[in-house]
**Q** 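I have a structure here, written as C-alpha cells, and I will follow up with some questions on it.
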Amino acid sequence: MSRVTTEVYNADEFRRMGHEIIDLIAEHLKKSTSNDAGNVNNWKTPNEQLKYWQTYPEKVDIKTLFSDIIFSANNLHNPKYIGHQVPPPAPAAALAAFLGSMLNNGMAIYEMGPQVTAIEKIVMNTFSFHLGYNSEADGFFTSGGTLANLTALIAARNIMSNNDVWEDGYAGEKLAVMVSSEAHYCVDKAARIMGFGNDGFIIIPVTDGYVMDTDLLQKHLDDNLKKGIKVIAVVGSACSTSTGTYDDLSKIADFAEKNSLWFHVDGAHGGAAIFSSKYKNLMKGIERADSVVIDCHKMLMAPALATALIFKNGKDSYKTFHQKAQYLWEKEDDLDWYNYGKRTMECTKLMMNLKFFVLFKLYGIDIFDEHVTALYDRGKEFAELVKTNKAFELAVNPQSNIVCFRLNNPTLTRDQKNDLNKRVRKFLLEDGEYYIVQTVLNGNVFLRTSIMNPFTEMKHFERLLQKIEDFVKS
Ligand SMILES: *Cc1c(COP(=O)(O)O)cnc(C)c1O
C-alpha cells in the first residue's frame, strides 16, 4: 500500500493534524491580539531567509513546520501591523478558504461548482444593491484587483472601440484611458498590456487633496482628440492607494456621460465603503459607473484573493472575451450566467466568493458596516493625534483608514527630510515591533499607514510616534 493512500489522504491522520493546527493557529491569534503580542515580524534579510529554508529538513512533523512558517510571517493579526492594505483575515473567512481548497470546485462551468456558481450570483446582487445599481447589474469574482481592473478595461475597450478589436485588432486606431496621477499602477499596467503604449495612458494631475482635478479632464480629452487619440474610458480611484482619498465620482460621471466615455471605478480598497452607513457618501456617484472593482481581501476581512468586479449593465460583462458572439446575446437564453468561465480571465477559479459569503451568512451583512466604519474612524483618530504633535505633519486629512505623515523638522532641507523619514521606515522594518510603509507624494517621502486591524488602538499609535521620536534623538 502506498503512503499516498495510507498517510496523505488518511482521514484520521487529517483529523489529528487539523486539530493540532487549529490549536496552534488559535494560540497564535490569541497571543497576537493580546497585550503581549510581541513583534510584528522577525526580520531576516532576503538571503538569510533563503538560507534558512534551503537547509530546512524533510519529514518533519506538521506542528513544527507550521510553527516555523508562522514565526517567519509578517503577522497581520498583530495590532502593530499598520502597513500595506492587507487585512488580518477573519478566522471564519480563512476557514471558508480552506473549505474551498479542500472541495476545489473550479467553477469555470456550472457542473464544476454548482453551489459557488449560485452563491456568486447572490453575492453579486448584494454588491449591486449596495452600489445603487438596478437588477440589470451583474458581475463575478476574479483573482485580485489588478486582474479585475484589466478585465473591466478589456470589456470597455471591446465596447468602445470603433473596430472589432477581438477579431481585427486595433486596425490603426489609437486608444487611451484617463486616470489620476495617484491611481494604482495596475491601471497603467492594464493599458500597456492592452497595447495602448505611452500615449494610451493619460494622467490627470491631482489637487492639493491628492484627488483627480476634474476641471482638467475636458482639456486633456480635447488635446488628445486633436492628436488622433480616442479616449475610451475614465477611471476614478475610490480611494487612491497612497493617500486613501476619494476622487469625486459624481463629477467624473458628469464628464463621462457628457463625452460618452466608459466610467470605471477602481474601488479595490475603498469600494467597501458602500457597506458603511457613515462613510458610503464617499462613494456618491458610483451608481453611475459602468464598472467597479472591490477587493474583499482589503477592507472586507477576507484572505487573498477575492475581488468583485461588477458591471452596471450585466450584459457588458459578456463582451470581454467574446466580442464576435455579441449578436448571440441578444437572446436572453444565451446569457448563460452559470458558466462563469466565459466571462473571467481564469479557467479554473478558486471558490473565492465563499470568503465573503460565509462572513455575510454567519454575522449578517451589517458586520461589514461595523468593520469599515470602525477602521475609517480610527484613521481620523490617528490623524488627530499626529496633529497634536509638532514633530510630525500629515500629508492630507484622511478620508479612510490610510494615513500618511512624516517627521517635519523645519530646519532640514527637503532632501534631508526625505532621508530622515526613509531612515525611520528602515529602522522600524528591521526593528520588527511595528510594520508601516512609505510613499512619495510630490517628491516628499511620507510614512504611510493602513489601519487594517480592528485591534489597533490609540495606545499603539501613541507608542509608534514615541518610538519614532526616540529613534531620531538616539
Ligand atoms: C490594492 C489595490 C489594487 C491592486 O489590487 P490587488 O488585489 O492587489 O491586485 C488596485 N487598485 C487599488 C486602488 C488598490 O488599493
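Order of appearance sets the numbers: ligands from 1, and atoms from 1 within every ligand.
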**Q** So, using salt bridge (Lys or Arg N to Asp or Glu O under 4.0 Å) as the criterion, who are the partners of K278 when residues are at least two apart?
**A** D377
**Q** Using a strict 4.0 Å cut-off to heavy atoms of T241, name the atoms of ligand 1 that fall inside it.
**A** 12 (C), 13 (C), 14 (C), 15 (O)
**Q** Without hydrogens or angle criteria, can the side chains of D295 and T307 be said to hold a donor-acceptor pair below 3.5 Å?
**A** yes
**Q** Within a distance under 4.0 Å of any heavy atom of A268, pick out the atoms of ligand 1 and give their elements.
**A** 2 (C), 3 (C), 10 (C), 11 (N), 12 (C), 14 (C)
**Q** Which ligand 1 atoms does D295 reach within 4.0 Å, using its non-hydrogen atoms?
**A** 5 (O), 6 (P), 7 (O)
**Q** Short list, please: which atoms of ligand 1 are under 4.0 Å from a heavy atom of G144?
**A** 7 (O), 9 (O)
**Q** Which one of K298, H297, H84 has a non-hydrogen atom at the shortest distance from atom 2 (C) of ligand 1?
**A** K298
**Q** Give the residue and atom name of whichever protein heavy atom lies nearest to atom 11 (N) of ligand 1, and the separation in Å to one decimal.
**A** D266 OD2, 2.6 Å
**Q** Are K387 and N397 close enough that a side-chain donor and a side-chain acceptor fall under 3.5 Å?
**A** yes
**Q** Suppose we measure from atom 6 (P) of ligand 1 to each protein heavy atom; which comes out shortest, and what is that distance?
**A** G145 N, 3.3 Å
**Q** Quick test: of every protein heavy atom, which one is nearest to atom 9 (O) of ligand 1, and how far off is it to 0.1 Å?
**A** T146 OG1, 2.7 Å
**Q** Does K349 count as lying over the ring of Y340, i.e. NZ or CZ under 6.0 Å from the six-ring centre, within 45 degrees of the axis?
**A** yes
**Q** Run through K121, Q115, E120 and flag the one making a side-chain hydrogen bond (donor to acceptor under 3.5 Å, both in side chains) with N353.
**A** E120
**Q** What part of C239, side chain from CB on, backbone N/CA/C/O, both or neither, has a heavy atom under 4.0 Å from ligand 1?
**A** backbone
**Q** What residue and atom, counting heavy atoms only, is the protein's closest point to atom 10 (C) of ligand 1, and at what distance?
**A** H184 CG, 3.3 Å
**Q** Return yes or no for this condition: an N or O of S240 is under 3.5 Å from an N or O of ligand 1.
**A** no
**Q** Do the ring planes of Y279 and Y376 sit parallel (below 30°), tilted (30 to 60°) or perpendicular (above 60°)?
**A** tilted
**Q** Using heavy atoms and a 4.0 Å limit, tell me yes or no: is A183 in contact with ligand 1?
**A** no
**Q** Do D369 and S277 get their side chains close enough for a donor-acceptor pair, meaning under 3.5 Å?
**A** yes
**Q** Quick one: ring-ring contact (aromatic ring centres under 6.0 Å, His included) pairs with a partner in residues 79-104, sequence neighbours left out?
**A** Y81-Y435
**Q** Please name the residue in the list Y133, F311, F356 that meets the ring-ring contact (aromatic ring centres under 6.0 Å, His included) test with F127.
**A** F356
**Q** Is there a polar contact between ligand 1 and C186, counting only N or O atoms under 3.5 Å apart?
**A** no
**Q** Please could you name the atoms of ligand 1 that H269 approaches to less than 4.0 Å, counting only its heavy atoms?
**A** 15 (O)
